[in-house]
Colleague: 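Quick one: the structure is below, questions incoming.
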Amino acid sequence: FIRIIMSAKITSYFRTIRIIHNSFLVGLIFFAATVFFLVRGGKFPPVGNGSLDRILQMAALLVAGILLMIGFRLFRKKIIVLHKSPDPAKKKLDQYRSACINWWSMIEIPGIVAIICFLLTNNYAFFALACFLIILLALFIPRADNIILLLKLNRDEVMKLEEGN
């Protein structure tokens, strides 16, 4: 069933959600690469002494851990609700997009924090954390077949979306 649906053209909804995801991902990659080359080129010497480094390491790890846990739990809860929801497909898809944006934000924010900490300290551990978060964000790329399964959309709803109604 899903293969038949996927053989049809991808709707603007699925393209839109992929564009939003790619914006998060490319933005974070571009910011990380820019800061990496600035630090590597010696344009930004480290700020403060080694004590700032330790404090920022704890803060960055804490922010990343807390936001990833909160973000994943909120996303999972929303998906469970949407899976059971009798709402029309369009409403489910809008709520799904909102849940994704929240989840991706909860990955991107600690990535930005890690990159800023890398800029301030020149400590590559922060850059490694940012790279981990970039990979994590890349793993959560939206796929039409997954969305259809997660939201429990039926064939008629998907075909209606394909037609643009």
Side-chain angles (χ1 to χ4, degrees), residues 6 10-40 44 47 52-153 157-158 161 164:
M6 294 316 299
I10 295 180
T11 66
S12 63
Y13 172 80
F14 296 119
R15 266 183 281 156
T16 302
I17 196 163
R18 183 151 290 180
I19 288 169
I20 293 168
H21 177 267
N22 287 341
S23 298
F24 275 93
L25 185 60
V26 170
L28 195 56
I29 290 170
F30 182 74
F31 184 48
T34 302
V35 169
F36 176 81
F37 288 116
L38 288 173
V39 168
R40 184 141 168 114
F44 280 91
V47 176
L52 177 65
D53 195 352
R54 290 281 181 214
I55 292 168
L56 290 178
Q57 282 180 13
M58 292 302 297
L61 285 174
L62 204 59
V63 167
I66 289 170
L67 287 180
L68 288 176
M69 284 188 326
I70 290 171
F72 183 72
R73 286 183 184 199
L74 290 174
F75 180 75
R76 189 182 60 174
K77 272 185 182 178
K78 188 63 174 177
I79 295 304
I80 290 169
V81 168
L82 289 173
H83 187 75
K84 296 176 182 178
S85 173
D87 289 338
K90 210 131 179 87
K91 186 172 181 182
K92 282 178 161 181
L93 289 169
D94 288 342
Q95 291 176 5
Y96 177 79
R97 180 175 35 225
S98 175
C100 284
I101 290 170
N102 288 335
W103 170 227
W104 298 332
S105 297
M106 296 290 192
I107 298 172
E108 187 176 48
I109 290 168
I112 292 170
V113 168
I115 294 166
I116 291 170
C117 290
F118 172 58
L119 181 66
L120 294 174
T121 65
N122 294 1
N123 182 340
Y124 283 87
F126 292 113
F127 187 73
L129 176 60
C131 288
F132 166 75
L133 293 165
I134 289 169
I135 291 168
L136 186 63
L137 185 58
L139 290 174
F140 285 98
I141 190 166
R143 293 177 183 85
D145 54 341
N146 290 351
I147 295 169
I148 290 166
L149 287 174
L150 287 173
L151 300 183
K152 206 167 133 183
L153 301 177
E157 290 172 320
V158 173
L161 287 170

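One-based numbering along the sequence shown.
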Colleague: Rounded to the nearest 0.5 Å, what separation is found between the CG atom of Asp53 and the CE atom of Met58?
Modeller: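 Between Asp53 CG and Met58 CE, I get 12.5 Å after rounding to 0.5 Å.
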Colleague: Using atom types as modelled and distance alone, determine if a side-chain donor or acceptor of Arg18 lies under 3.5 Å from a backbone N or O of Pro142.
Modeller: yes
Colleague: Please check: side-chain N/O of Asn122 versus main-chain N/O of Phe44, any donor-acceptor pairing under 3.5 Å?
Modeller: yes
Colleague: For Asp94, enumerate each residue passing the side chain to side chain contact (heavy atoms under 4.5 Å, CB included) test, keeping only those at least two apart in sequence or located in another chain.
Modeller: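 Testing Asp94 for side chain to side chain contact (heavy atoms under 4.5 Å, CB included), a comparison that skips the adjacent residues, returns Arg97.
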Colleague: Roughly how far, to the nearest 0.5 Å, is CD1 of Ile19 from CD1 of Ile17?
Modeller: 11.0 Å
Colleague: Could you check if a side-chain atom of Phe14 sits within less than 4.5 angstrom of a side-chain atom of Arg143, using non-hydrogen atoms only?
Modeller: no
Colleague: I'd like to know if the side chain of Lys78 and the backbone of Ala99 have a donor-acceptor N/O pair within less than 3.5 Å.
Modeller: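 Side chain of Lys78 to backbone of Ala99, a donor-acceptor pair under 3.5 Å: no, none is there.
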Colleague: Using the rule given for side chain to side chain contact (heavy atoms under 4.5 Å, CB included), can you reason through Leu93 versus Ile147, listing the C-alpha separation, both sets of side-chain angles and the distance that settles it, and then say yes or no?
Modeller: CA-CA 8 Å; Leu93 289 169; Ile147 295 169; 3.8 Å; yes
Colleague: Got Leu28 and Ile115 here, is their nearest side-chain heavy-atom distance under 4.5 Å?
Modeller: yes
Colleague: In terms of ring plane angle, is the pair Trp104 and His21 parallel, tilted or perpendicular, where the classes change at 30° and 60°?
Modeller: perpendicular
Colleague: Which atoms form the tightest heavy-atom contact between Ala130 and Gly111, and what is the distance?
Modeller: CB-O, 4.1 Å
Colleague: Rounded to the nearest 0.5 Å, what's the gap from CE on Met69 to CZ on Arg73? Could you check?
Modeller: 6.0 Å
Colleague: Hey, what do you get for CD1 (Ile134) to CG (Leu129), rounding to the nearest 0.5 Å?
Modeller: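 Rounded to the nearest 0.5 Å, the CD1-CG separation comes to 10.0 Å.
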Colleague: Can you name the one residue among Phe118, Phe132, Phe31 that meets ring pair (Phe, Tyr, Trp, His ring centres under 6.0 Å) with Phe127?
Modeller: Phe118
Colleague: Looking at Phe72, Phe24, Tyr96, which hits ring pair (Phe, Tyr, Trp, His ring centres under 6.0 Å) with Trp103?
Modeller: Phe72
Colleague: Find out whether Thr121 and Leu56 are in side-chain contact, i.e. whether some heavy atom of one side chain is under 4.5 Å from a heavy atom of the other.
Modeller: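 SC-SC contact between Thr121 and Leu56 confirmed.
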Colleague: Would you find a donor on one side and an acceptor on the other, under 3.5 Å apart, between the side chain of Ser85 and the backbone of Val81?
Modeller: no
Colleague: Measuring from Cys100:SG to Leu150:CG, what's the distance to the nearest 0.5 Å?
Modeller: 8.5 Å
Colleague: Could you point out which residue of Ile109, Leu133, Ile107, Leu62 forms a side-chain contact (heavy atoms from CB on, under 4.5 Å) with Leu67?
Modeller: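 Running side-chain contact (heavy atoms from CB on, under 4.5 Å) over Ile109, Leu133, Ile107, Leu62 with Leu67 returns exactly one hit, Ile109.
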Colleague: What are the two closest heavy atoms between Pro110 and Ser105, and how far apart are they?
Modeller: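 Closest heavy-atom pair between Pro110 and Ser105: CD-O, 4.4 Å.
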Colleague: Measuring from Leu151:CG to Asp87:CG, what's the distance to the nearest 0.5 Å?
Modeller: 10.5 Å
